[in-house]
Each structure stands twice: as C-alpha cells, then as structure tokens.
Q: 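Got a structure for you, questions after.
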Amino acid sequence: MRIATWNVNSLKVRLPQVLDWLAVNQPDVLCLQETKLQDENFPITEIMGAGYQSIYAGQKSYNGVALLGKKMGSETATAIPGLVDPQKRVLAATYGDVRVICIYVPNGESVGSDKYRYKLDWLFDLNKWLRDELIKYPKLALLGDFNIAPEERDVHDPILWGGKVLFSYPEREAFMGLLKLGFVDSFRLFNQPDKSYTWWDYRMMAFRRNMGLRIDHILLSKEFASTCTACTIDKGPRKNERPSDHSPVMVELKA
DNA sequence: ATGGTAGAGGATCTA
C-alpha cells in the first residue's frame with residue numbers, strides 16, 4: 001500500500017501536475033492540502049479519469065483538503081469533532097482497515113500573533129481528538145502539511161530560523177506531543193539524504209539554493225509503522241514550471 | 001528593517 005501527501009497550493013493550477021504524479025506513482029491514497037476550491041468546483045471528473053475517487057472539504061480562496069483514493073473511503077470526517085472552525089483543514093476517511101487523517105495545520109504567521117495562538121490551540125484540540133482515534137484505529141496515518149519543522153536537521157539554517165514561526169519551541173513541543181501519543185515519524189525510520197526538506201519559499205531562489213524546511217509529514221500509529229518499508233520525499237514536482245512550493249511525501253506499507 | 005514570489009480575486013489577504 002502507498003499513502004502520500006502533497007500541499008498543492010491551488011488544485012486548479014496544479015491539477016495537471018497532480019494527474020501526472022498519480023499516473024507515475026500510483027498511490028492508494030493521496031492527501032491534498034490548500035486546494036483553494038469550493039466543493040462545487042472540485043474536479044471530480046478529471047480525477048475519476050485518472051482512476052481515483054475524491055473526498056473533499058473546501059472553501060473559497062483559502063485552505064481546503066482532499067483525499068484521492070483508488071477506492072472510495074468511508075466514515076468521512078471533515079473537522080476535529082467539537083471544534084467549530086470555518087477553515088477547512090481536516091479530512092479523515094477509512095480505506096479498508098486503514099484510517100487516513102489529512103491535515104493542513106495553520107501556518108501561524110509569526111510568533112505571538114493571533115494566528116500563532118490559533119495554531120497552538122488547534123494543535124491542542126487535534127492532539128485531544130487523536131487520543132481517541134488511536135484507540136479506535138490501530139492502523140492510523142496522520143499526514144499533511146504540519147507547518148512545523150520538528151528538529152534542527154529539518155531546517156536549512158536553524159540559527160536563522162531559531163524562535164521563528166514553523167520552528168519555535170511551542171510548535172515543536174506540539175509536534176512531539178503527537179509522537180508521545182504513539183505516532184512515529186515515518187521519514188526517520190529510514191536513512192535519508194542530508195538536508196531533506198519538503199517546502200521551499202518561492203522567493204530568493206530558495207529551492208535552487210536548497211533553503212528549505214521539512215514541514216510535511218507522515219505520522220503512523222506504532223502498529224502501522226511496523227509495516228512501513230519506505231518514506232520518500234519527491235523533489236521532482238518542485239522543479240516543474242509553476243510548481244507548488246511543497247513537494248509530495250509518500251510511504252510504502254507491507255500488505 | 002524589510003523585501004522577495006505565488007495564488008485568489010479583483011484590493012488586499014495569506015502563505
């Protein structure tokens with residue numbers, strides 16, 4: 001089984017790249033973030049043409065998440081239970097005995113801002129919800145754009161980024177809080193190239209200079225992680241014309 | 001101290 005995540009920064013612009021990527025990589029489930037599409041505009045027909053079923057939760061202009069599956073998912077959830085939030089950042093569905101939770105964690109803007117507070121509160125509510133989900137679903141994948149670089153080696157310049165949003169201690173503690181629930185960072189189960197990142201700013205030729213951060217993650221429940229055979233970042237799409245600023249990440253799992 | 005780019009939508013807001 002293959003499960004992948006990709007922040008596409010507008011599915012309208014990136015649809016041809018997503019269809020190409022699906023054809024080459026054939027994931028069983030692809031999680032998308034920042035679709036920036038209202039539900040009535042979701043390209044279900046084009047995606048069906050590539051052999052995938054769509055589940056989506058979108059809004060105008062911002063945010064928006066989707067799950068593309070070779071089979072249709074069930075038990076769909078479009079928000080953290082009990083959290084009233086007009087921002088579409090969560091989408092969960094069950095594929096066979098596998099629970100997939102796609103998240104687009106708030107960016108946080110800058111440390112100390114209202115959006116930063118919202119991010120930390122949101123992460124607290126996510127943590128609370130996932131305690132129950134882990135009990136309910138032994139095979140659980142939590143993946144998406146976390147907007148957090150957990151460790152120094154996940155940041156091209158940890159001195160420059162020290163204390164800044166995406167790498168501040170409260171955010172990194174919230175990430176560690178998810179690991180403490182029993183999730184495993186699948187990327188670190190394997191030897192990886194040095195300076196592996198998933199996001200590069202569009203500005204200052206950051207990609208060419210590999211000035212990136214690893215902020216897109218695939219966390220697996222312990223039982224599920226024991227079946228994981230690979231986790232890879234695909235830098236290819238970031239080299240496309242009109243690329244997303246994020247690269248896809250994918251895990252492979254035994255049977 | 002602040003710019004640089006991209007996307008949505010039609011002036012800014014968000015990232």
Side-chain angles (χ1 to χ4, degrees), chain A residues 5-21 30-43 46-47 56-66 79 85-91 102-123 126 143-150 154-157 159-168 170-172 174-175 197-217 233-249:
Chain A
T5 179
W6 193 4
N7 180 326
V8 289
N9 185 21
S10 169
L11 184 54
K12 186 182 172 186
V13 173
R14 236 63 71 190
L15 181 60
Q17 296 182 41
V18 170
L19 297 178
D20 285 351
W21 198 83
L30 172 60
C31 304
L32 302 177
Q33 301 87 37
E34 285 204 270
T35 56
K36 300 186 175 179
L37 285 176
Q38 296 187 92
D39 288 348
E40 55 265 37
N41 299 327
F42 200 88
E46 292 87 338
I47 287 164
Y56 40 89
Q59 64 181 92
K60 197 176 176 180
S61 305
Y62 303 118
N63 310 312
V65 280
D85 188 352
Q87 301 189 26
K88 302 298 185 188
R89 299 180 172 280
V90 171
L91 192 55
C102 170
I103 58 169
Y104 175 46
V105 176
N107 170 281
E109 192 193 25
S110 58
V111 172
S113 67
D114 289 348
K115 292 195 185 81
Y116 183 77
R117 186 71 255 161
Y118 164 66
K119 180 180 194 173
L120 294 180
D121 290 345
W122 193 95
L123 287 163
L126 177 73
L143 65 168
D145 178 359
F146 286 64
N147 269 314
I148 302 170
D154 300 316
V155 179
H156 71 93
D157 186 344
I159 308 285
L160 179 72
W161 281 86
K164 293 222 165 60
V165 75
L166 309 184
F167 191 54
S168 72
E171 295 166 79
R172 293 161 67 186
F175 186 90
Y197 310 123
T198 65
W199 170 82
W200 302 260
D201 199 294
Y202 283 121
R203 296 165 286 191
M204 301 192 305
M205 295 183 290
F207 181 65
R208 225 183 58 182
R209 299 155 73 188
N210 199 26
M211 293 167 57
L213 303 182
R214 191 175 72 94
I215 58 175
D216 301 83
H217 306 291
I233 298 167
D234 182 4
K235 286 176 78 168
R238 190 64 177 76
K239 300 170 185 168
N240 291 345
E241 283 198 40
R242 291 195 87 183
S244 167
D245 46 351
H246 295 253
S247 281
V249 185

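So that the names make sense, note that chain A is the first sequence line, chain B the second, and so on, each numbered from 1.
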Q: Give a yes/no on whether any side-chain N or O of A/K115 is located under 4.0 angstrom from OP1 or OP2 of B/dT14.
A: yes
Q: Expressed in whole Å, how much space separates the P atoms belonging to B/dT2 and B/dA6?
A: 23 Å
Q: Which part of the nucleic acid does A/R208 contact within heavy-atom distance under 4.0 Å: base, sugar-phosphate only, or nothing?
A: nothing
Q: By nearest heavy atom, map A/N9 and A/D245 onto DNA chain B; which one lands nearer the 5' end?
A: A/N9
Q: Would you please say whether a donor-acceptor pair under 3.5 Å links the side chains of A/D145 and A/Q33?
A: no
Q: Could you work out which one of B/dA8, B/dT5, B/dA15 sits closest to the side chain of A/Y202?
A: B/dT5
Q: With a 4.0 Å cutoff (strictly under), does any side-chain N or O of A/S10 reach OP1 or OP2 of B/dA8?
A: yes
Q: Specify the separation, in whole Å, of atom OH of A/Y62 and atom P of B/dT12.
A: 13 Å
Q: Measure the distance from CG on A/N7 to P on B/dA6 and round it to the nearest whole Å.
A: 16 Å
Q: Separation of A/L15 atom CG from B/dA8 atom P, in whole Å?
A: 12 Å
Q: How close or far is atom C1' of B/dT14 from atom CD of A/Q59, stated in whole angstroms?
A: 11 Å
Q: Could you tell me which non-hydrogen atom of A/I233 sits nearest to which non-hydrogen atom of A/R214, and how far apart they are?
A: CD1-CD, 4.4 Å
Q: Taking the inter-plane angle between the rings of A/W199 and A/W161 on a 0 to 90° scale, is it parallel (under 30°), tilted (30 to 60°) or perpendicular (over 60°)?
A: perpendicular
Q: Check the angle between the aromatic planes of A/W21 and A/W6 and answer parallel, tilted or perpendicular using the 30° and 60° thresholds.
A: tilted
Q: I need the CZ-P distance between A/F207 and B/dA6, as an integer number of Å.
A: 14 Å
Q: Do A/Y118 and A/D85 meet the criterion of a side-chain donor-acceptor pair at a distance under 3.5 Å?
A: yes
Q: A/H246 NE2 to B/dT5 P: how many Å, rounded?
A: 18 Å
Q: Considering only the C1' atoms, how many Å lie between B/dG4 and B/dT14, rounded to the nearest integer?
A: 16 Å
Q: Could you state the CG-C1' distance from A/D201 to B/dA15, rounded to the nearest angstrom?
A: 8 Å
Q: Check whether any side-chain N or O of A/R14 sits under 4.0 Å from OP1 or OP2 of B/dG7, and answer yes or no.
A: yes
Q: Please figure out whether A/M204 or A/W199 has its closest DNA chain B nucleotide nearer the 5' end.
A: A/M204
Q: Could you check how far CE of A/M211 sits from P of B/dT5, rounded to whole Å?
A: 14 Å
Q: Mind checking the P distance from B/dT5 to B/dG9? Whole angstroms is fine.
A: 22 Å
Q: Does the side chain of A/R242 get closer than 4.0 angstrom to OP1 or OP2 of B/dT5 through an N or O atom?
A: no
Q: Take atom P in B/dG3 and the same atom in B/dC13, then report the distance between them in whole Å.
A: 15 Å
